[in-house]
Amino acid sequence: MTSSSPSEHPAQPGPRRRTVLAAGAGAVALTAGLPAVTSAAADTGAATARPPRIGTGWQRYVQGPASRTVRPERVLASTGDVRKPEALLKPGGARTVLRRPQPAPTPRWPEGTQASASSTHAGNNGNDGQPRTYDAANAIDGNPDTFWNDDTIAAFPDTLTITLPQPRSMSGITVISNSDGVPTDFTVDVWVNGAWQTAATISDNDVIQRAVPFGATFSTTQVRITVTAVQDTPRGAFTRINEVWPEAVPPVVAPSVTVDFGKVVVGYPRVRFTFASDNSPGVRLAFSETKQFLTDRSDFTRSDQSGVAAQGTDQFAVPAKGADWTDHKGFQSGDKVYADGLHGFRYLRIALDALATDVPAAQPWGTVEIDSVSLDFTAYVGTPGTYRGWFLCSDDDLNRYWYGAAYTNELVTDTFRQDDVDPRNAWTASLEGKLVLHDGAKRDRDPYVGDLAVSARTLYLTHDDTAAAARNVLADLADHQRADGWIPPASIADYTLPLFDYPLWWVTCSWDYVLYTGDRAYATRYYPNLQKVLDTWYPSVTDEAGLLSKGLNNTGGYGDYAFLGRTGRVTYYNALYVQALKDAAQLARLLGQQADATRWTQRAAAVTDAINSRLWDASSGAYLDSGTGAVRHAQDGNSLAVTAGVADTDRARSALAHLDATTRRPYGNAFMDNDTIFDGASQRVYAFTSYPEIVARFISGRADSALDQIRRTYGWMDAHDPGITNWEGIGPGGSLYEDAYTSMAHGWSTGVLPALTHHLLGARPTSPGYATWEVRPEPGDVTWAQGQLPTPHGALRVAWENSGRVFRLDVDVPEGTRGTVALPGDSGRLTVRADGRRVWDGHRASDGRVGVEDGRVTISGLASGTHTVTARRDG
């Protein structure tokens with residue numbers, strides 16, 4: 001399926017057979033369809049003591065736009081000479097006008113002036129891939145695109161000395177620095193009468209163009225700038241000075257308007273210009289997902305990685321008659337005036353300005369008149385009519401988190417397009433034009449199979465009619481399998497990025513795809529690839545104990561989801577291996593490959609035993625991160641050990657208690673319990689690895705701690721800018737863990753959605769295509785929940801209410817499926833009625849379908865129709 005019209009798929013329940021059952025007072029009525037929101041309870045959503053009518057109330061939480069044309073919600077700020085900035089919000093009315101006078105000529109140093117520095121960084125290919133130098137002479141060459149860069153990272157002072165050929169009378173200078181970190185503290189000295197004399201001292205500087213007037217006028221032949229502090233940036237705490245002018249020139253504030261789209265959006269920005277002066281005035285567009293990194297430079301542009309010197313903004317030269325301009329990738333005039341095209345952002349800053357290298361094709365002055373700003377939204381448009389699965393419960397916060405995750409995933413469900421994907425050799429003809437699940441809306445915009453372990457489940461539970469987005473990725477990666485069996489993690493680097501764990505995620509994601517969709521043809525087509533990765537490549541990196549050991553077979557340089565420097569026997573890799581082997585065995589049974597199923601099941605058991613005997617740390621009561629190196633305990637390995645069934649009940653309880661004691665943060669649970677792998681690891685939270693921990697808590701009977709972790713992790717992201725969407729990672733103190741580079745809408749972080757559906761609501765498939773399913777609620781402190789899971793057979797609807805002594809569960813079962821319900825509570829204290837008939841009295845069953853499993857009363861064999869089960873607690 002392509003994404004030409006991915007939103008035009010309304011919910012389509014399958015054939016239904018309604019059974020009328022006796023219900024007590026206050027019962028929840030299940031309906032066959034999804035009626036409109038009409039009741040008062042629905043109007044207030046989950047903020048009601050009683051659940052609304054099934055199928056109502058959830059629609060108010062949907063975050064997707066109403067159409068593909070998205071407009072900003074408000075003007076956040078304006079600077080300089082701007083008239084009627086609010087007019088940008090509504091087309092066809094008043095116009096916004098930006099004006100900027102023509103600047104005076106730039107002051108120049110006299111011929112023969114020279115510059116020297118305390119140190120100089122070696123030349124390289126720069127951030128844009130183009131060869132460049134960082135000599136001191138760059139600071140006086142009149143070209144603001146070149147700069148001096150010192151060579152002592154985070155070490156000061158750094159000095160730049162400018163020597164004139166003859167004395168000059170000077171009353172000040174101007175320092176033009178770099179958006180990759182400006183000098184914050186520096187002094188300016190001049191050479192007078194054979195000695196240095198301080199002419200000015202600057203502190204707390206935060207602007208790129210800093211006019212530095214002297215306290216007096218000096219006749220001098222030398223000027224020395226001594227830098228003692230700079231802004232720290234992801235590219236290092238270096239001193240960078242692009243230009244020094246021999247006069248103090250205050251900057252003319254560029255007229256700009258910043259608009260807020262209300263949440264992260266993705267697509268092609270569109271600006272309707274109605275008039276411009278006849279000098280080709282330029283506009284520069286800067287984008288950001290957060291206000292923190294909203295500057296005159298975008299928080300991220302693909303051009304930074306593709307060899308185009310675009311200075312971190314998108315440019316356009318406005319013709320005198322105006323233009324209806326859509327920001328597509330490319331140059332407007334030869335090799336000048338470059339635009340990056342698609343962006344993921346919340347905030348957009350439009351400034352009347354132009355790069356020095358774009359003159360005269362675009363000028364940094366003139367007049368520009370704008371009618372409106374909008375976005376051509378490219379991702380999946382999720383509206384109440386497109387949701388085939390939904391969720392609602394008594395906790396308003398949990399509802400917001402579920403639909404925030406759904407919207408995050410919609411932002412990354414998009415067509416693979418050459419101009420819009422990661423420029424680092426990620427484009428491939430085999431995916432061009434196909435619907436895929438990218439990793440992030442902003443970056444990297446490449447489908448990674450590890451991300452699908454979460455984002456594909458989110459997709460299957462909300463918009464399963466676009467399941468092809470997952471299949472396309474899985475199939476493409478399998479089609480690029482290496483001869484030795486290794487499967488690439490993504491198309492980046494021409495399918496060569498060496499990751500150790502992602503071939504295992506390909507196995508588990510392939511099983512997930514078949515489990516949710518029932519696509520046997522996919523299973524048959526790619527079964528040989530599965531055999532090859534499990535029976536050829538992973539045995540090549542297995543040690544004498546039967547454990548995967550990174551470093552064998554030349555894998556020492558391989559990374560993982562976080563590019564961690566882990567080697568040897570790593571619990572995470574091996575617990576994931578167990579899960580992959582178990583999933584592969586299920587797929588083998590589906591295809592009648594019993595010998596493979598038996599062999600992989602036996603191998604999973606052997607790896608389980610080896611993990612427990614060699615990687616369990618009894619002194620800490622948790623699994624070691626690795627059998628070599630510093631002692632630490634990781635969230636990923638300990639959580640997957642529980643979810644994959646490696647840990648028994650006692651080890652699961654102990655491991656989760658250890659994570660509680662060592663990794664709990666106000667913004668989630670950290671992914672390491674100490675900093676031995678890198679500084680700050682014990683303060684970093686990944687929602688990607690938090691998902692299996694949340695699941696581990698649910699399945700271990702710790703619903704309250706699972707909900708607590710959800711509320712801290714997703715509550716933090718929901719409450720902090722940009723709001724709603726799920727972050728790639730959280731750093732110390734709840735910060736953006738990679739500053740502006742951090743993706744604030746990342747599909748791998750949407751695990752709250754499948755966690756709430758599968759474990760709080762409790763419904764999940766147990767065999768391909770939902771031929772069989774299970775409903776096993778874990779209520780915690782939630783008083784009611786309801787939802788719908790889309791299946792190939794129609795909708796599976798579930799609603800439960802926990803009203804103190806009575807737990808009531810209603811299940812609407814699609815034709816052609818059968819399932820089991822497992823009721824919460826101690827079976828010895830429950831009286832259970834199913835469809836009006838008592839089937840369990842606390843000691844024995846009166847129906848052959850009723851049993852006890854893990855202390856829960858279970859009822860199996862529920863066929864199509866609507867079933868009501870009540871469990872009354874005694875005592």
Side-chain angles (χ1 to χ4, degrees), residues 103-123 126 132-153 155-231 236-252 356-357:
T106 300
R108 299 298 300 271
W109 295 96
E111 195 71 29
T113 300
Q114 297 181 345
S116 60
S118 54
S119 67
T120 299
H121 196 290
R132 66 191 310 160
T133 65
Y134 304 99
D135 298 335
N138 291 339
I140 60 170
D141 64 359
N143 181 358
D145 286 338
T146 64
F147 56 94
W148 164 58
N149 198 123
D150 87 284
D151 198 37
T152 57
I153 185 169
F156 303 97
D158 300 322
T159 61
L160 174 69
T161 304
I162 300 169
T163 303
L164 291 80
Q166 55 199 24
R168 174 177 176 138
S169 180
M170 298 184 65
S171 61
I173 64 170
T174 302
V175 177
I176 309 294
S177 53
N178 197 291
S179 59
D180 286 336
V182 303
T184 55
D185 300 301
F186 59 93
T187 59
V188 180
D189 299 319
V190 293
W191 185 258
V192 178
N193 297 325
W196 289 109
Q197 183 170 337
T198 299
T201 299
I202 301 298
S203 60
D204 298 325
N205 177 54
D206 61 358
V207 296
I208 290 175
Q209 181 176 336
R210 180 62 187 247
V212 185
F214 297 163
T217 299
F218 298 94
S219 178
T220 185
T221 56
Q222 284 187 302
V223 176
R224 183 178 67 185
I225 302 171
T226 303
V227 179
T228 54
V230 301
Q231 291 176 336
F238 288 103
T239 295
R240 301 178 178 94
I241 296 180
N242 293 47
E243 286 294 309
V244 180
W245 296 340
E247 297 176 17
V249 181
V252 176
T357 51

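Numbers for residues simply follow the sequence, beginning at 1. It should be emphasised that the depicted structure is a prediction, and the values quoted were computed from it without experimental measurement.
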Could you measure the distance from the [atom1] atom of [X] to the [atom2] atom of [Y]? Nearest 0.5 Å is fine.
| X | Y | atom1 | atom2 | result |
| --- | --- | --- | --- | --- |
| Thr239 | Trp148 | OG1 | CH2 | 5.0 Å |
| Asp145 | Asn242 | CG | CG | 8.0 Å |
| Phe186 | Leu160 | CZ | CG | 11.0 Å |
| Ile162 | Ser116 | CD1 | OG | 9.0 Å |
| Thr161 | Gln114 | OG1 | CD | 12.0 Å |
| Phe147 | Asp135 | CZ | CG | 11.5 Å |

Would you call Thr187 and Thr201 a side-chain contact if the rule is heavy atoms closer than 4.5 Å? yes
Between Pro107 and Val249, is any pair of side-chain heavy atoms under 4.5 Å apart? yes
I'd like to check the salt bridge (charged side-chain N to carboxylate O under 4.0 Å, His left out) partners of Asp189; sequence neighbours left out, ordered by chain and number. Arg224
Listed partners of Arg210 passing salt bridge (charged side-chain N to carboxylate O under 4.0 Å, His left out), at least two apart: none
Do Asp158 and Thr152 get their side chains close enough for a donor-acceptor pair, meaning under 3.5 Å? yes
Passing candidate, side-chain hydrogen bond (donor to acceptor under 3.5 Å, both in side chains) with Arg240, options Asn149, Asp150, Asn138, Asn178: Asn149
Please test Thr226 against Thr159 for side-chain contact (heavy atoms from CB on, under 4.5 Å), starting from the C-alpha separation and ending with a verdict. CA-CA 4 Å; Thr226 303; Thr159 61; 3.7 Å; yes
Hey, can you tell me if Tyr134 and His121 have their rings parallel, tilted or perpendicular (30° and 60° cut-offs)? perpendicular
Do [X] side-chain atoms and [Y] backbone N/O form a donor-acceptor pair below 3.5 Å?
| X | Y | answer |
| --- | --- | --- |
| Thr174 | Trp245 | no |
| Glu243 | Gly142 | yes |
| Ser177 | Ile208 | yes |

Checking side-chain contact (heavy atoms from CB on, under 4.5 Å) for the pair Val230/Phe238: CA distance, chi angles, key distance, verdict? CA-CA 7 Å; Val230 301; Phe238 288 103; over 6 Å; no
Provide the closest heavy-atom pair for [X] versus [Y] in the form atom of the first, atom of the second, distance.
| X | Y | answer |
| --- | --- | --- |
| Arg108 | Arg168 | O-NH1, 3.8 Å |
| Val227 | Phe156 | O-CD2, 3.7 Å |
| Gly172 | Phe214 | N-CD1, 3.4 Å |
| Gly236 | Ile153 | CA-CD1, 3.9 Å |
| Trp109 | Met170 | CH2-CE, 3.9 Å |
| Pro165 | Pro110 | CD-CG, 4.1 Å |

Partner residues of Gln231 under the side-chain hydrogen bond (donor to acceptor under 3.5 Å, both in side chains) criterion, sequence neighbours left out: none
Kindly indicate, with the supporting measurements, whether the criterion side-chain contact (heavy atoms from CB on, under 4.5 Å) is fulfilled by Val223 and Val188. CA-CA 7 Å; Val223 176; Val188 180; 3.8 Å; yes
Dump the intermediate steps for side-chain contact (heavy atoms from CB on, under 4.5 Å) on Thr220 and Gln197, then the final yes or no. CA-CA 10 Å; Thr220 185; Gln197 183 170 337; over 6 Å; no
